Amino acid sequence: MKSAEGDAPAVQATVRTRPWTRLSPAAQAEVIRKYSNGSATSTALADEFKVAKSTILRILRENNVVVRRQPLTGKQVTQATKLYESGLSLSKVANQMAVNQETMRVAILAAGVKLRPPTGGRR
């Protein structure tokens, strides 16, 4: 295929889309049952049903299921610890990692990190 000028080939864009998986009402009920009784996490359900974790969380919230706290992974805790120990504040680490500050604070405390005194940044 030539471009309008005739000397260079036109670029043909290929758009790849991922196949959408819609869960049937029965599958949604199974997600709710497994999550509610504690036998599966949202991540495990997403893997099992081959959908995004956000899909599982949406199903749960739409059905008024209380979503359990989403803890940080070990890799995230390690990263948060390194960032905090490099001198960044709790809020800057949380913002950089796009996680809740309290979730991050609890995770690094559990990992044995000693927190610095607050600097009083808000005046």
Side-chain angles (χ1 to χ4, degrees):
M1 177 186 291
K2 295 279 185 182
S3 68
E5 282 102 39
D7 40 72
V11 176
Q12 188 75 20
T14 303
V15 178
R16 288 189 179 186
T17 59
R18 74 175 185 182
W20 290 99
T21 303
R22 292 205 180 258
L23 296 183
S24 68
Q28 290 185 29
E30 183 72 3
V31 165
I32 293 165
R33 184 188 66 75
K34 286 183 172 185
Y35 188 85
S36 295
N37 72 19
S39 66
T41 64
S42 56
T43 303
L45 289 166
D47 289 343
E48 178 181 342
F49 288 92
K50 305 213 180 330
V51 296
K53 182 177 175 179
S54 60
T55 300
I56 299 297
L57 295 174
R58 179 186 48 77
I59 291 167
L60 296 171
R61 289 182 178 120
E62 285 177 354
N63 288 279
N64 299 316
V65 176
V66 176
V67 177
R68 295 186 294 271
R69 198 168 137 205
Q70 304 293 305
L72 301 182
T73 65
K75 190 175 185 178
Q76 288 174 309
V77 173
T78 300
Q79 181 184 7
T81 299
K82 287 178 182 177
L83 290 170
Y84 182 75
E85 289 178 340
S86 77
L88 291 179
S89 68
L90 287 173
S91 61
K92 286 184 179 175
V93 173
N95 286 340
Q96 185 169 332
M97 295 185 64
V99 297
N100 177 277
Q101 181 177 329
E102 183 63 11
T103 300
M104 191 268 311
R105 186 187 73 79
V106 168
I108 66 171
L109 280 172
V113 174
K114 182 165 173 41
L115 297 183
R116 300 183 297 272
T119 60
R122 294 183 187 195
R123 293 185 193 251

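What you see is a predicted model, and the numbers here were worked out from it, not measured in a lab.
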Practice item. Check the pair S91 / S89 against side-chain hydrogen bond (donor to acceptor under 3.5 Å, both in side chains), numbers first and verdict last. Key: CA-CA 5 Å; S91 61; S89 68; 3.2 Å; yes
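- Under the 3.5 Å distance criterion, the side-chain polar atoms of S39 are matched with a main-chain donor or acceptor of K34.
- The two atoms that bring R68 and A40 nearest to each other are NH2-O, 2.9 Å, heavy atoms only.
- The two residues T41 and A44 make their nearest non-hydrogen contact at OG1-N, 3.0 Å.
- Cluster membership check: M104 shares its hydrophobic cluster with L109, using side-chain heavy-atom separations under 4.5 Å among Ile, Leu, Val, Met, Phe, Trp and Tyr.
- Connection of L90 to V106 is not established within any shared hydrophobic cluster, with ILVMFWY side chains joined at heavy-atom distances below 4.5 Å, either directly or through further cluster members.
- In terms of heavy-atom proximity, A52 sits nearest to A46 at C-CB, 3.9 Å.
- When every heavy atom of A27 is checked against every heavy atom of F49, the shortest pair comes out as CB-CE2, 3.9 Å.
- Atom CD of E85 is separated from atom CZ of R116 by 9.0 Å, given to the nearest 0.5 angstrom.
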Practice item. Using the side-chain contact (heavy atoms from CB on, under 4.5 Å) rule, take N63 and V31 through it: C-alpha gap first, then chi angles, then the decisive distance, then the call. Key: CA-CA 11 Å; N63 288 279; V31 165; over 6 Å; no
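- With rounding to the nearest 0.5 Å, the separation of CD1 in I59 from CG in L23 is 4.5 Å.
- Side-chain atoms of Y84 never come within 3.5 Å of backbone atoms of R105 as a donor-acceptor pair (strictly under, hydrogens ignored).
- Between M97 and Q76, the closest heavy-atom pair is CE-O, 3.3 Å.
- Between I56 and T43 the shortest side-chain heavy-atom distance does not fall below 4.5 Å.
- Residues Q96 and V93 are not in side-chain contact: their nearest non-hydrogen atoms beyond the backbone lie 4.5 Å or more apart.
- Within the 4.5 Å cutoff, no side-chain heavy atoms of L72 are placed close to those of I108.
- Annotation: the span from S24 atom OG to E30 atom CD amounts to 10.0 Å, rounded to 0.5 Å.
- Atoms CD and OG1, from Q101 and T103 in turn, are 10.0 Å apart once rounded to the nearest 0.5 Å.
- Annotation for I32 and L60: closest pair CA-CD2, 4.1 Å, computed over non-hydrogen atoms.
- Under the 4.5 Å side-chain heavy-atom criterion for grouping Ile, Leu, Val, Met, Phe, Trp and Tyr, L115 is connected to L88 within one hydrophobic cluster.
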